[in-house]
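One structure is given below, encoded as structure tokens.
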Amino acid sequence: MKIGYPCINRGIGCSANRTFRLASYSDERLLSTVRGNLECLERILSFNRASGLLFFRITSDLVPFASHPVCRADWQAELRPLFARAGELARRGDDRISMHPDQFVVINSPDRGLVERSVGELSYHATVLDLMGLDDTAKIQIHVGGVYGDREGSRNQFSRAYGDLPEPVIRRLVVENDDRRFTIRDCLEIHRETGIPVVYDHFHHRCHGNTGEIRGILEEVAGTWAARDGIPMADYSSQEPGRRTGTHATALDPDDFRQFLSASTPHDMDVMLEIKDKERSALAAAVIARSDPRFIHGPPRSPKT
DNA sequence: AATGGTCAAGTCAGC
DNA sequence: GCTGACTTGACCATT
């Protein structure tokens with residue numbers, strides 16, 4: 001089990017998702033922004049390694065406007081060595097890397113133009129991971145998409161659209177249950193139709209009113225990951241008290257996290273903590289996970305130097 | 001230097 | 001019909 005956090009490190013003093021306004025786009029601006037973002041990404045990865053956090057989600061904003069028509073800069077060629085260097089850092093540290101495109105990626109949409117733009121965005125994500133030289137365990141996770149008044153039809157549309165995706169995307173794409181539209185059962189059904197691995201999001205599962213046993217579901221989810229896909233990834237968060245259902249907690253709830261770990265034993269997973277204070281909660285969670293030998297699910301890993 | 005309106009992109013619930 | 005939530009506030013024109 002590796003424990004990680006998404007996109008932003010709040011204590012390190014740099015941001016890997018610096019961007020700028022579309023109106024102020026220039027090739028020079030883009031390249032200098034991405035150089036800065038990659039530099040910060042290296043600092044984050046170094047911090048993570050020193051802290052024992054070996055799972056990290058890279059921000060989708062690493063290359064702003066990457067799939068927008070305004071972007072004409074050849075950032076792949078210009079910055080290839082920098083991507084390779086960041087990737088080398090991740091590989092040396094035995095880091096698990098993921099990405100999570102934002103809500104604008106909807107591959108089951110009835111709007112063909114939107115699907116095309118979504119494929120462009122997914123291809124950009126795959127390019128980043130490819131340039132970093134990461135293997136197929138570095139995943140890109142998305143949600144099923146819109147319901148459009150027809151759950152089953154829209155779920156089937158995801159499976160059809162998945163089959164049409166470019167190979168570099170298919171190698172890395174995984175599907176995750178969301179908090180309101182498609183459940184883990186929907187995702188497992190999509191897996192049966194397509195073979196796509198399924199990410200279990202514990203908090204989203206809870207948002208649908210599920211409070212009980214999760215071992216059976218985790219068993220099924222684990223079966224959707226082939227050896228080349230790596231250890232199953234899971235997202236963890238908890239409800240922020242006093243806010244509407246679905247609002248992520250600002251800080252780790254240690255008791256709830258302990259219960260989650262206990263309920264998931266013996267399934268090994270790499271756990272992404274979607275808590276708003278980021279690395280702080282991830283560090284606290286890692287302490288909890290290490291505190292009880294039952295929670296270190298996988299075979300022990302020798303730290304690489 | 002501080003601030004507040006606005007920012008590429010979609011869906012849908014809640015008001 | 002507008003706003004907020006989603007993996008995440010940050011940019012920048014204006015004062």
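A, B, ... follow the sequence lines: proteins, then strands. Residue 1 opens every chain.
Taking atom CG of N9(A) as the reference point, atom P of dA10(C) lies 13 Å away to the nearest angstrom. Between the P atom of dC12(B) and the CD atom of Q103(A) lies a distance of 13 Å, rounded to the nearest Å. Atom CG of D61(A) and atom P of dC7(B) are 16 Å apart (whole Å). Rounded to an integer number of Å, the gap from F20(A) CZ to dC7(B) P is 16 Å. Regarding Q141(A), its CD atom lies at a distance of 9 Å from the P atom of dT7(C), rounded to whole Å. Here dA5(C) presents its P atom at 15 Å from CZ of F104(A), a figure rounded to the nearest Å. Regarding L22(A), its CG atom lies at a distance of 15 Å from the P atom of dC11(C), rounded to whole Å. Rounded to whole angstrom, the span from the CZ atom of R180(A) across to the P atom of dA5(C) amounts to 11 Å.
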* Asked: Which string of ( ) [ ] | and . matches DNA chain B, if you list each base 5' to 3' and count Watson-Crick or G-U pairs only when both distances are under 3.5 Å?
  -> |||||||..||||||

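Ion pairing between D186(A) and R151(A) holds under the 4.0 Å rule for side-chain N and carboxylate O. In summary, K139(A) and D229(A) engage in a salt bridge, as defined by a charged side-chain N under 4.0 Å from a carboxylate O. Between R85(A) and E88(A), none of the side-chain N atoms (NZ, or NE/NH1/NH2) sits under 4.0 Å from a carboxylate O, so this pair counts as no salt bridge. R215(A) has no carboxylate O lying under 4.0 Å from a charged side-chain N of E220(A), or vice versa, which leaves the two without a salt bridge.
Residue L114(A) places its side chain closer to dT11(B) than to any other of dA8(B), dT11(B), dC12(B). The side chain of Y148(A) lies closest to dT11(B), out of dA10(C), dC11(C), dT11(B). For R181(A), whose side chain is taken as the heavy atoms from C-beta onward, the closest listed nucleotide among dC12(B), dT8(C), dA9(B) is dC12(B). Listed candidates were dC12(C), dA8(B), dT8(C). Nearest to the side chain of S24(A) is dC12(C).
Taking 4.0 angstrom as the limit, R29(A) places a side-chain polar atom (N or O) nearer than this to OP1 or OP2 of dC12(C). An OP1 or OP2 oxygen of dT11(B) is reached within less than 4.0 angstrom by no side-chain nitrogen or oxygen of R151(A). In this structure, H248(A) does not reach the dT8(C) phosphate: none of its side-chain N or O atoms is under 4.0 Å from OP1 or OP2. For dC7(B), neither phosphate oxygen OP1 nor OP2 lies less than 4.0 angstrom from any side-chain nitrogen or oxygen of T19(A). Contact annotation: K278(A) does not reach the phosphate of dG9(C) (side-chain N/O to OP1 or OP2, under 4.0 Å). Distances shown here put every side-chain N or O of H125(A) at or beyond 4.0 Å from the OP1 or OP2 atom of dT7(C).
Checked by distance alone, R21(A) brings a side-chain donor or acceptor within 3.5 Å of a matching partner on the base of dC11(C).
Ring geometry, H202(A) versus F260(A): the interplanar angle falls from 30° to 60°, so the pair is classed tilted.
For the P atoms, the distance from dT6(B) to dT3(C) is 11 Å, rounded to whole Å. Using P as the reference atom, dA2(B) and dT7(C) are 33 Å apart when rounded to the nearest Å. Look at the P atom in both dG9(C) and dG10(B): the space between them is 22 Å, to the nearest Å. Across dT8(C) and dA13(C), the matching P atoms stand 27 Å from one another, rounded to whole Å. A distance of about 22 Å separates the P atoms of dG1(C) and dC7(B), rounded to the whole Å.
If you check every strand for non-hydrogen atoms under 4.0 Å, V147(A) touches sugar and phosphate atoms only.
Distance check: S237(A) OG to E274(A) CD gives 6.5 Å after rounding to the nearest 0.5 Å.
Side-chain polar atoms of N177(A) and H204(A) form no donor-acceptor pair below 3.5 angstrom. A side-chain donor from one of S60(A) and H125(A) sits under 3.5 Å from a side-chain acceptor of the other. With 3.5 Å as the limit, one finds a donor-acceptor pair spanning the side chains of Y5(A) and N48(A).
Along DNA chain C, the nucleotide nearest I8(A) and the nucleotide nearest R18(A) are compared for position; the residue whose nucleotide lies closer to the 5' end is I8(A).
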